[in-house]
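Below, chain A is the first sequence line, B the second, and so on; all start at residue 1.
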Amino acid sequence: MLTAGPKGTNDILPGEIEKWHYIEQHIRNICTQYGFSEIRTPIFEHTELFKRGVGDTTDVVEKEMYTFQDKGGRDVSLRPEQTACVARAYVEHKLYAQPQPVKVFYIGPMFRYANVQAGRYRQFHQFGIEVLGSKDPVVDAEVITMAMDFYGRLGLRDLELHINSVGCPQCRPLHRQKLHDFLAGNVDKLCKQCQSRFSRNPMRILDCKESECQDVSHGAPTTTDCLCDECADHFAKVKKFLDQAGIKYIVNNRLVRGLDYYTNTAFEIMASDIGAQSSIGGGGRYDGLIEQVGAPQPTPGIGFALGIERIIATMERQNIEFPGPLKYDVFIAALGEPARETAFKLLYNIRAAGLTADMDVMGRGLKAQMKYANKFATRFALILGDEELSKGVAVIRDMKAAAQEEVPLEKVLEYLRNGQ
RNA sequence: GUGGCUGUAGUCAAGCGGUUAAGACACAGGAUUGUGGCUCCUGCACUCGUGGGUUCGAUUCCCAUCAGCCACCCCA
């Protein structure tokens, strides 16, 4: 029990963490270029925030939240996503009083209590951005473009970008009604699952892989068929801007996102390399959310969230190279206590000079120390024994060239520096 | 929440109702004096996820539980 972490959580160990650092570095680079600043919000929030923001009938809120009471009796939840948190922070700190739009990004753990499978964990990590304050379709295109640019720079291939417009609170009910009417006569022909979807969420029927269901839903009204003029115009412009940027996309009229706050543009990026959980990122516009969370005036917003575990999994499947493990510039093999004292002082100075260095702390013999140094792809081994000490030198061995020479102790630092 | 598969050392694993649980990699030590990557030798599971049960006897069979993997739902 105590020797295993909770289900669905992962330790990120040396050897793995380098991948995370690499991706985080990419995130910070690209966000800076696109004009986004980082925002850090709490890991937990009032449960009410997610109920109001994400929607209390969504699966995420209804059955996947880690919710508990703190010792003061407050109802709090570990965040299942961060958009609602950002919206809250925007309102709380009156960021609407700053130059608009506000562009922020976040990286951090999210928590959802769902069964674990390939690419899905209970604690997982998302990188996301939010643009708050503009409803210009060019922002929709910018956000989507940035996501694709991000994947592209990491070297990911064969991704599919699906986009759709789910309309606004005016046109969405119309679509639902039309869809309902369209399917109503053939409910009994649908698979068992879809029969239950019919009343709950008829849009998902369009997604079903069963051939009967596909037959029944063939020609069904799509969300884009039912858009009001304003939403249709918005969507058309988003596509036009994407075309301008040369971003390839698939208009997927069946794309529906599971969080209630989405309006107009919705998109999802799919990779086929990680099992059934093929979505490696998604997002959309949420023009009603920020008001829902208490903004004094209508505030549009749009953003995306990308799953870091899924990105890493996809990169691994595609054999994309990550930076290698820790390497030493210098390893000091010291023999005997007097040599160790000198070695320790040397080590300090070598590190202070900016090199990556270490020395033996296992009491190993010379041979074993050399072996150890070799395992860390060490550039130089510095050998220091009684013999060298009495001569006031150290043997510096270039591990790759398998050549070595004696260097006076006071010149060691200079020698190593020049060796770089 | 539902369903399927799995659980032997750090990793990959063989095994099987019955004396000392293969092997490989990794790790550690060694192969005449103080030198790595190759080779060779040695060491490394009182025990087969955990708890019960069946049995003369279980790592091998059964049940439960926990964990891992996979799928549905949903999502990143």
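Rounded to the nearest Å, the gap between the P atom of B:G52 and that of B:U47 is 15 Å. As rounded to the nearest Å, B:U35 and B:G51 have P atoms that lie 49 Å from one another. Across the P atoms, B:G7 and B:C62 are found 12 Å apart, a figure rounded to whole Å. On the P atoms, B:G43 is 12 Å away from B:A24, given to the nearest whole Å. With P as the reference atom, B:A28 and B:C69 are 29 Å apart, rounded to whole Å. Using C1' as the reference atom, B:U59 and B:A45 are 12 Å apart when rounded to the nearest Å. As rounded to the nearest Å, B:G68 and B:U32 have P atoms that lie 48 Å from one another. To the nearest whole angstrom, the two C1' atoms, one in B:G49 and one in B:G3, are 23 Å apart.
Contacts of A:Gly8 with the nucleic acid, taken as non-hydrogen atoms under 4.0 Å apart, involve only primed sugar atoms and P, OP1 or OP2. At a threshold of 4.0 angstrom between heavy atoms, the contacts of A:Ala402 include nucleobase atoms, whether or not backbone atoms are also involved. A:Ile383 comes within contact range of at least one nucleobase, with a heavy-atom separation under 4.0 Å. Counting non-hydrogen atoms under 4.0 angstrom, A:Glu268 reaches nothing in the nucleic acid. Contacts of A:Glu387 with the nucleic acid, taken as non-hydrogen atoms under 4.0 Å apart, include base atoms. Across all strands shown, A:Ala305 has heavy atoms under 4.0 Å from sugar-phosphate atoms exclusively, and none from any base.
Taking the six-membered ring where tryptophan is involved, the planes of A:Tyr415 and A:Phe380 are perpendicular, since the angle between them exceeds 60° and thus also 30°. The aromatic rings of A:Phe111 and A:Tyr66 stand perpendicular to each other, their planes meeting at an angle above 60°, with 30° marking the opposite boundary. Using cut-offs of 30° and 60° on the angle between ring planes, the pair A:Phe331 and A:Tyr328 is tilted.
Here B:C27 sits opposite B:G43 as a Watson-Crick or G-U wobble pair (both hydrogen-bonding atom distances under 3.5 Å). Pairing of B:G1, defined by two Watson-Crick or G-U wobble distances under 3.5 Å, is identified with B:C72. The partner of B:C61 is B:G53, judged by Watson-Crick or G-U wobble contacts that both fall below 3.5 Å. The pairing partner recorded for B:A22 is none, the criterion being a Watson-Crick or G-U wobble arrangement whose two distances lie under 3.5 angstrom. Pairing for B:A67 is with B:U6, a Watson-Crick or G-U wobble pair whose two hydrogen-bonding atom distances lie under 3.5 Å. Pairing for B:A14 is absent, judged as Watson-Crick or G-U wobble with the two contacts each under 3.5 Å.
Positionally, the nearest nucleotide of RNA chain B for A:Arg364 lies more toward the 5' end than for the other of A:Arg364 and A:Asn374. Along RNA chain B, the nucleotide nearest A:Gly365 and the nucleotide nearest A:Glu81 are compared for position; the residue whose nucleotide lies closer to the 5' end is A:Gly365.
Protein atom CG of A:Leu366 is 12 Å distant from nucleotide atom P of B:A31, rounded to whole Å. Remark: P of B:C72 and NZ of A:Lys63 are 14 Å apart, rounded to the nearest angstrom. In this entry the distance linking CD of A:Glu406 with P of B:G34 reads 17 Å, nearest Å. Going from atom CE of A:Met399 over to atom P of B:G36 covers 9 Å, rounded to whole Å. The nearest whole Å value for the distance from the CD atom in A:Glu64 to the C1' atom in B:U2 is 14 Å. Taking atom CE on A:Met370 and atom P on B:G36, their separation rounds to 7 Å, with Å as the unit. Regarding A:Arg79, its CZ atom lies at a distance of 13 Å from the C1' atom of B:A76, rounded to whole Å. Atom CD1 of A:Ile312 is separated from atom C1' of B:A76 by 13 Å (rounded to the nearest Å).
For A:Lys375 and B:A28, the shortest distance from a side-chain N or O to OP1 or OP2 is below 4.0 Å. Distances shown here put every side-chain N or O of A:Lys371 at or beyond 4.0 Å from the OP1 or OP2 atom of B:A28.
At a cut-off of 3.5 angstrom, counting only N and O atoms as typed in the model, there is a donor on one side and an acceptor on the other between the side-chain of A:Arg397 and the base of B:G36. Contact of A:Glu388 with B:G34 (side chain to base): a donor-acceptor pair of N or O atoms is detected under 3.5 Å. Applying the 3.5 Å distance criterion, the base of B:U35 shares a donor-acceptor pair with the side chain of A:Gln404.
Put simply, the side chain of A:Arg310 gets close to the backbone of A:Gly119: a donor and an acceptor are under 3.5 Å apart. No side-chain donor-acceptor contact under 3.5 Å links A:Gln123 to the backbone of A:Pro109. The backbone N or O of A:Val293 lies less than 3.5 Å from no partner atom in the side chain of A:Arg52, so there is not a single donor-acceptor pair.
Between A:Glu414 and A:Arg417, no side-chain nitrogen of the basic residue sits less than 4.0 Å from a carboxylate oxygen of the acidic one, so the salt-bridge criterion is not met. Using a cut-off of 4.0 Å between Lys/Arg side-chain N and Asp/Glu carboxylate O, A:Lys135 and A:Asp287 are scored as not salt-bridged.
Of the residues in residues 102-129 of chain A, those lying under 4.0 Å from RNA chain B by heavy-atom distance are A:Arg112, A:Asn115, A:Val116, A:Gln117, A:Ala118, A:Gly119, A:Arg120, A:Tyr121, A:Phe124, A:Gln126.
Which of B:G68, B:G36, B:G34 sits closest to the side chain of A:Lys7 comes down to B:G68.
Across all non-hydrogen atoms, the minimal contact from A:Ile269 to A:Ala147 is CD1-CB, 4.3 Å.
Using a 3.5 Å distance cut-off with no hydrogens or angles, the side chains of A:Asp181 and A:Gln177 do pair a donor with an acceptor.
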